[in-house]
Protein chains: 2
Amino acid sequence: MKQAKISDAVVKRLPLYLQVLNELKVREVKTVSSQELGHLLDFNPAQIRKDLAYFGDFGRKGIGYEVDYLIDKIRQILKIDQTIYVALIGAGNLGHALCNYNKYSKDNMQIVAVFDSYEGKVGTKINNLVVQPMDELADTIKKMNIRIGIITVPAHEAQTVANQLIEGGIEGILNFAPTILRAPDEVRVQHADFTKELLSLAYYLNHKEEENNE
Amino acid sequence: MKQAKISDAVVKRLPLYLQVLNELKVREVKTVSSQELGHLLDFNPAQIRKDLAYFGDFGRKGIGYEVDYLIDKIRQILKIDQTIYVALIGAGNLGHALCNYNKYSKDNMQIVAVFDSYEGKVGTKINNLVVQPMDELADTIKKMNIRIGIITVPAHEAQTVANQLIEGGIEGILNFAPTILRAPDEVRVQHADFTKELLSLAYYLNHKEEENNE
DNA sequence: TAGATTGTTAATCGATTAACAATC
DNA sequence: TAGATTGTTAATCGATTAACAATC
């Protein structure tokens with residue numbers, strides 16, 4: 001049963017599966033059951049089997065899933081079997097940090113261009129990349145086949161930058177600015193605003209009592 | 001109807017409401033209906049009314065919600081009406097960036113201590129804060145009344161750091177390391193690993209066609 | 001009063017989990 | 001063969017949405 005409509009909930013779990021599988025691979029585990037995966041992730045084993053079954057029959061009855069094979073398959077599903085080129089807009093502290101975060105390359109996501117609207121930043125170097133001015137954005141997106149843009153500018157500039165990215169033909173946006181972005185349906189916008197995570201964390205601090213009465 | 005069991009989905013939306021309300025406040029909007037909020041957030045108005053009604057009767061029939069009042073109320077619900085003290089562990093690039101991100105103070109979340117296990121970092125300054133060695137962690141948590149720890153160390157050190165935080169009596173953890181942390185039920189762990197966001201974004205890039213057939 | 005909008009119940013929708021035949 | 005575990009259907013659970021009486 002291939003390619004029905006896959007829910008966001010399922011897609012969000014795929015990277016988690018990948019992460020745990022990679023850890024198992026390092027530990028040279030060859031085979032894993034949905035039971036074990038469920039234990040490692042605190043997920044229901046049936047859910048894991050169902051999630052994976054949306055995309056194909058990857059397991060073997062009586063045995064489980066072969067770690068290497070499943071990693072390959074999930075990478076294919078996520079489309080990170082080929083390199084995806086990424087642009088970063090906003091060469092501030094956070095932008096710097098993300099550029100240096102070399103985790104990407106391992107996942108075949110590569111930041112290949114950095115932009116900033118502030119003249120003082122343009123021309124400086126981050127991690128071998130020369131910071132470019134905003135008016136080169138559209139051109140660079142096309143030339144370098146960039147598909148994702150990461151926004152690390154202040155909230156009040158985020159929508160303007162998003163518009164420029166969309167104008168330039170970007171396909172997806174990862175937004176770190178604490179504001180809601182408007183974008184057409186074809187452009188996927190993902191939010192990575194940790195201030196919101198921090199706020200929901202605050203909620204649970206003083207509401208622990210209620211939680212425990214479950 | 002106060003304090004039933006509130007679902008995670010509801011709690012995750014509260015910071016979003018707060019954000020939009022703050023934007024409305026800046027624009028000096030006095031009153032807003034669930035209809036308008038729903039439009040701004042792409043949420044169903046009934047959902048917004050229901051979410052808010054879990055915590056009290058904040059609106060007025062025929063009129064809507066008073067912006068200032070609702071902001072206050074949500075801040076109370078999230079418990080950010082008083083300052084929450086936060087420790088950051090891992091004085092690398094990302095740690096630096098988060099420290100400088102002054103958004104916190106506005107939300108009454110304040111990073112008041114920074115730690116690193118690497119001797120070379122200890123004693124250096126980030127944003128007026130002197131980086132402390134790990135063996136001072138537990139003491140500082142108690143002395144400074146720190147309730148939340150932010151982990152920005154490499155993945156392979158994250159669990160060790162988490163254990164030290166838990167040992168020290170931390171109540172919540174925001175984890176930026178791309179690994180799953182084990183923690184007792186009393187300690188809330190929130191993940192802020194943007195590499196996962198990036199991977200699910202990748203999925204949608206090449207699966208747009210299917211999406212559009214809805 | 002008429003129009004607008006809440007709070008809340010009931011209906012719907014979708015996601016998670018249990019169960020089990022198929023089979024390695 | 002006996003034990004384990006998948007893929008999948010059916011049952012359950014929970015979250016979202018529609019609808020509407022109450023009321024500003």
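Every chain is numbered from 1, with letters handed out A, B, ... down the list of sequences. Only this structure's heavy atoms are used, side chains among them; waters, hydrogens and symmetry mates stay out. Note that this is a predicted model, so its numbers are computed, not measured.
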For this session: Check each of B/Ile71, B/Ile48, B/Leu37 against B/Tyr17 using the side-chain contact (heavy atoms from CB on, under 4.5 Å) test, and report the only one that passes.
Result: B/Ile48
Exercise. Do NZ/NE/NH1/NH2 and the carboxylate oxygens of B/Lys12 and A/Asp193 come within less than 4.0 Å?
Worked result: no
For this session: Determine, for A/Arg75 against A/Asp72, whether the closest basic-nitrogen to carboxylate-oxygen distance falls under 4.0 angstrom.
Result: no
For this session: Can you sort out the partners of B/Arg49 under side-chain hydrogen bond (donor to acceptor under 3.5 Å, both in side chains), two or more places apart, ordered by chain and number?
Result: B/Ser34
[Y] and [X], any side-chain heavy atoms less than 4.5 Å apart:
X: A/Arg188; Y: A/Ile170; answer: no
X: A/Ile180; Y: A/Val189; answer: no
X: B/Ile89; Y: B/Val153; answer: yes

Can you tell me the distance, in whole Å, between the [atom1] atom of [X] and the [atom2] atom of [N]?
X: B/Ile48; N: C/dT8; atom1: CD1; atom2: P; answer: 17 Å
X: B/Leu37; N: C/dT6; atom1: CG; atom2: C1'; answer: 13 Å
X: A/Tyr69; N: D/dT6; atom1: OH; atom2: C1'; answer: 14 Å

For this session: Measure from the ring center of A/Phe176 to the ring center of A/Phe194 and say whether it is less than 6.0 Å.
Result: no
Shorter than 3.5 Å, N or O on both sides, protein versus nucleotides 13-16 of chain D: list them out with atom names.
from: D/dT16; atom 1: OP1; to: B/Arg13; atom 2: NH1; distance (Å): 3.1
from: D/dT16; atom 1: OP2; to: B/Arg13; atom 2: NH2; distance (Å): 3.2
from: D/dT16; atom 1: OP2; to: B/Gln47; atom 2: NE2; distance (Å): 3.4
from: D/dT16; atom 1: O5'; to: B/Gln47; atom 2: NE2; distance (Å): 3.0

Seminar exercise, completed: Rounded to the nearest 0.5 angstrom, the CG-OG1 distance for A/Asn108 and A/Thr83 is 4.0 Å
For this session: Can you sort out which residues in residues 16-34 of chain B have a heavy atom within less than 4.0 Å of DNA chain D? Ascending by number, please.
Result: none
Exercise. Does atom OH of B/Tyr85 have more than 12 heavy-atom neighbours, drawn from other residues, nucleotides or ligands, at distances under 6.0 Å?
Worked result: no
Exercise. Within a radius of less than 6.0 Å around CD of A/Gln82, do more than 12 heavy atoms belonging to other residues, nucleotides or ligands occur?
Worked result: yes
Exercise. Do the side chain of A/His207 and the main chain of B/Ile77 share a donor and acceptor less than 3.5 angstrom apart?
Worked result: yes
For this session: Kindly write out the residues that satisfy salt bridge (charged side-chain N to carboxylate O under 4.0 Å, His left out) with A/Lys50, not counting sequence neighbours, or none if the list is empty.
Result: none
Problem set entry | Contact pattern, 5' to 3', of nucleotides 19-24 of chain D - B, S or - by protein heavy atom under 4.0 Å | B--BBB
Problem set entry | Secondary structure of DNA chain C in dot-bracket form (Watson-Crick or G-U wobble, distances below 3.5 Å, | marking inter-strand pairs) | ..||||||||||||||||||||||
